[in-house]
Amino acid sequence: MRKFDTVLVTGGCGFIGTNFIKYIFDKTNYKIINIDALTYAGNIKNLIDIENKDRYFFERVNICDAKKVNSIFEKYKPDCIVHFAAESHVDRSIFGPKNFIDTNIIGTFTLLEAARNLWKDNSDGKLFHHISTDEVYGSLSDTGYFYETTAYDPRSPYSASKASSDHIVKAYYHTYNLPVTISNCSNNYGPYQFPEKLIPLMISNIIEEKDLPVYGDGKNIRDWIFVEDHNNAVFDIIHNGRVGETYNIGGENEITNIDMVNILCEKLAYKMNKDKDYYKKLIKFVKDRAGHDRRYAINCDKIKKELGWQRQYDFNTAIDITIDWYLNNKEWVYDVKSGEYQKWIELNYSSK
Ligand code: NAD
Ligand code: TYD
């Protein structure tokens with residue numbers, strides 16, 4: 001099992017990164033460096049509980065800025081990098097792909113170069129872990145699963161930029177022997193997810209009694225995993241994963257979008273003492289997303305067999321934890337929904 005002194009996390013103010021930093025900070029005594037540009041999706045207040053701890057350091061840095069990234073690497077000399085930072089929303093990638101090309105491709109390249117430079121004399125025990133998505137594998141019809149060996153077939157600017165970064169990470173392993181691992185995970189849900197993604201958008205719109213926009217026929221399928229289960233898989237990979245390998249992570253929990261929206265309506269109705277179907281009148285079928293992938297489904301036998309990873313949460317429990325978090329953190333939702341996000345929504349998405 002690997003052990004580290006200093007773990008540098010990119011994108012630690014975003015949804016999964018925030019949860020990961022809290023998780024690894026509690027589980028280890030590692031020094032944690034969080035580098036994040038604080039885009040619309042990054043919220044520094046998420047980590048207020050640990051911001052004054054002496055083994056936590058935050059640096060506001062754009063991962064495309066090679067000079068700054070190199071100087072941070074020289075300053076802290078991390079022996080592990082966990083790379084979450086990305087532009088992550090498919091709809092935004094359709095409206096404006098450039099940021100996705102910059103951050104997801106050039107940003108990843110910049111970090112790889114900095115790691116290669118830092119570890120050039122000795123890379124023993126070091127690790128660059130790249131966080132990726134199942135969306136790189138494309139779209140499935142009613143049957144079949146994504147395996148680690150499935151050929152890449154990305155369809156959106158988002159998934160194409162993530163696929164590109166995965167390939168570059170693999171190239172650095174094969175060409176320069178940079179010690180890397182990659183994980184490709186299915187759709188996450190949980191606390192701190194920006195209310196533009198399906199689950200937090202629907203929860204916050206239900207709370208505000210706003211329309212619930214369901215794309216197309218609502219029958220697209222996603223495999224949903226609780227963020228903490230994703231993060232404990234990443235924790236297992238950085239400590240025990242084989243260098244050069246890819247691991248799929250999934251929730252084995254396929255749900256159509258319309259079923260998910262109905263579940264959220266019913267659960268919130270119960271919690272708010274309303275009739276079971278009270279919120280369903282808000283559901284509006286809207287124009288489909290361009291190039292909308294039909295179905296994602298992950299086979300994650302490899303990480304289970306090799307690393308003994310198992311999900312800890314069942315969907316029913318974890319979705320309740322998630323809904324309760326949004327009910328108890330309305331101020332957080334208001335904060336992130338105003339400002340930049342609001343401007344973007346008015347410009348591009350006034351139908352929502
Ligand atoms: P997010 O959008 O919530 O957070 C992204 C974070 O990266 C933000 O804090 C943002 O400020 C930061 N960031 C963006 N551009 C940056 C830049 N140029 N320099 C430095 N920081 C920058 O994303 P998320 O949902 O937490 O996803 C994290 C990672 O997990 C991404 O790599 C994503 O592709 C991957 N992933 C996400 C999901 C999911 O369901 N959300 C599923 C599988 C994989
Ligand atoms: P999303 O959360 O954006 O994740 P991804 O596109 O990366 O899977 O969307 C999840 C599913 O929900 C996807 O099939 C698109 C659909 N969707 C809606 O129907 N309405 C919405 O308002 C959003 C944001 C998503």
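Note that ligands are numbered from 1 as they come in the structure, with each ligand's atoms numbered from 1 the same way.
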> Output yes when the distance from some N or O of ligand 1 to some N or O of C64 is under 3.5 Å, and no in every other case.
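The answer is no, given that C64 and ligand 1 share no N or O pair closer than 3.5 Å.
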> Decide whether an N or O pair under 3.5 Å exists between I35 and ligand 1.
no
> So if I count the atoms of ligand 1 from 1 in the order they appear, which ones are less than 4.0 Å from some heavy atom of N62?
17 (C), 18 (N), 19 (N)
> Which ligand 1 atoms does V61 reach within 4.0 Å, using its non-hydrogen atoms?
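Checking each atom against V61, I get 19 (N), 20 (C).
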> Output the list of atoms in ligand 1 that are nearer than 4.0 Å to some heavy atom of A85, sorted by atom number.
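Contacts of ligand 1 toward A85, numbered from 1: 7 (O), 21 (N), 22 (C).
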> Counting only N and O atoms by type, is there a donor-acceptor contact under 3.5 Å from the side chain of D36 to the main-chain atoms of L38?
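Checked: pair present.
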> Does ligand 1 have any atom that is closer than 4.0 Å to a heavy atom of S132?
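Under 4.0 Å: yes for S132.
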> Of all the atoms in ligand 1, which lie at a distance below 4.0 Å from a heavy atom belonging to L38?
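Counting atoms of ligand 1 from 1, those under 4.0 Å from L38 are 11 (O).
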> Quick check on contacts: which atoms of ligand 1 are under 4.0 angstrom from a heavy atom of I131?
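With I131 as reference, the close atoms of ligand 1 come out as 29 (C), 30 (O), 32 (O), 35 (C).
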> Relative to ligand 2, is R222 under 4.0 angstrom through side chain, backbone, both or neither, heavy atoms considered?
side chain
> List ligand 1 atoms under 4.0 Å from G42, heavy atoms only on the residue side.
8 (C), 9 (O), 11 (O)
> By the rule that ILVMFWY residues connect when side-chain heavy atoms come within less than 4.5 angstrom, directly or transitively, which residues belong alongside Y334?
none
> Going by the order shown, which atoms of ligand 2 are within less than 4.0 Å of some heavy atom of V214?
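Those of ligand 2 that fall under 4.0 Å from V214 are 19 (O).
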> Is ligand 1 less than 4.0 angstrom away from at least one heavy atom of G107?
no
> Could you tell me whether R295 sits above the aromatic face of Y145, with NZ or CZ closer than 6.0 angstrom to the six-membered ring centre and within 45 degrees of the axis?
yes
> Examine T39 against ligand 1 and note whether any of their N/O atoms are separated by less than 3.5 Å.
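By distance alone, the answer is yes.
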> Taking both backbone and side-chain atoms of W224, is any N or O found less than 3.5 Å from an N or O belonging to ligand 2?
no
> Is any N or O atom of D293, backbone or side chain, closer than 3.5 Å to an N or O atom of ligand 2?
no
> Within the distance-only criterion (no hydrogens, no angle test), does the side chain of N70 pair as donor or acceptor with the backbone N or O of A66 below 3.5 angstrom?
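The answer is yes, because a donor-acceptor pair under 3.5 Å joins these two groups.
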> Centroid-to-centroid, H167 to Y152, below 6.0 Å?
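They qualify: ring centres under 6.0 Å apart.
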> Which residues pass the side-chain contact (heavy atoms from CB on, under 4.5 Å) test with I168, not counting sequence neighbours?
I105, L112, S164, Y172
> Considering only heavy atoms, which of N184, V227, I16, D134 lies nearest to atom 37 (C) of ligand 1?
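It is I16 whose heavy atom sits nearest to atom 37 (C) of ligand 1.
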> Return yes or no for this condition: an N or O of M202 is under 3.5 Å from an N or O of ligand 2.
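No; every N/O pair is 3.5 Å or more apart.
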> Could you tell me which atoms of ligand 1, counted from 1 in the order shown, lie closer than 4.0 angstrom to a heavy atom of Y158?
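Listed by number with element: 33 (C), 34 (O).
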> Short list, please: which atoms of ligand 2 are under 4.0 Å from a heavy atom of E135?
5 (P), 7 (O), 8 (O)
> Quick one: which of Y215, Y189, F194, F285 has a heavy atom closest to atom 23 (C) of ligand 2?
Y215
> Which of the atoms of ligand 1 are close to S186, meaning less than 4.0 Å from one of its heavy atoms?
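Here the atoms of ligand 1 in question are 42 (C), 43 (C).
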> Does Y189 reach ligand 1, in the sense of a heavy atom lying below 4.0 Å from it?
no
> So is Y40 polar-close to ligand 1, meaning N/O to N/O under 3.5 Å?
no
> So is N43 polar-close to ligand 1, meaning N/O to N/O under 3.5 Å?
no
> Which is closest to atom 12 (O) of ligand 2 by heavy-atom distance: N257, L212, V261?
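Residue with the shortest heavy-atom distance to the ligand atom: N257.
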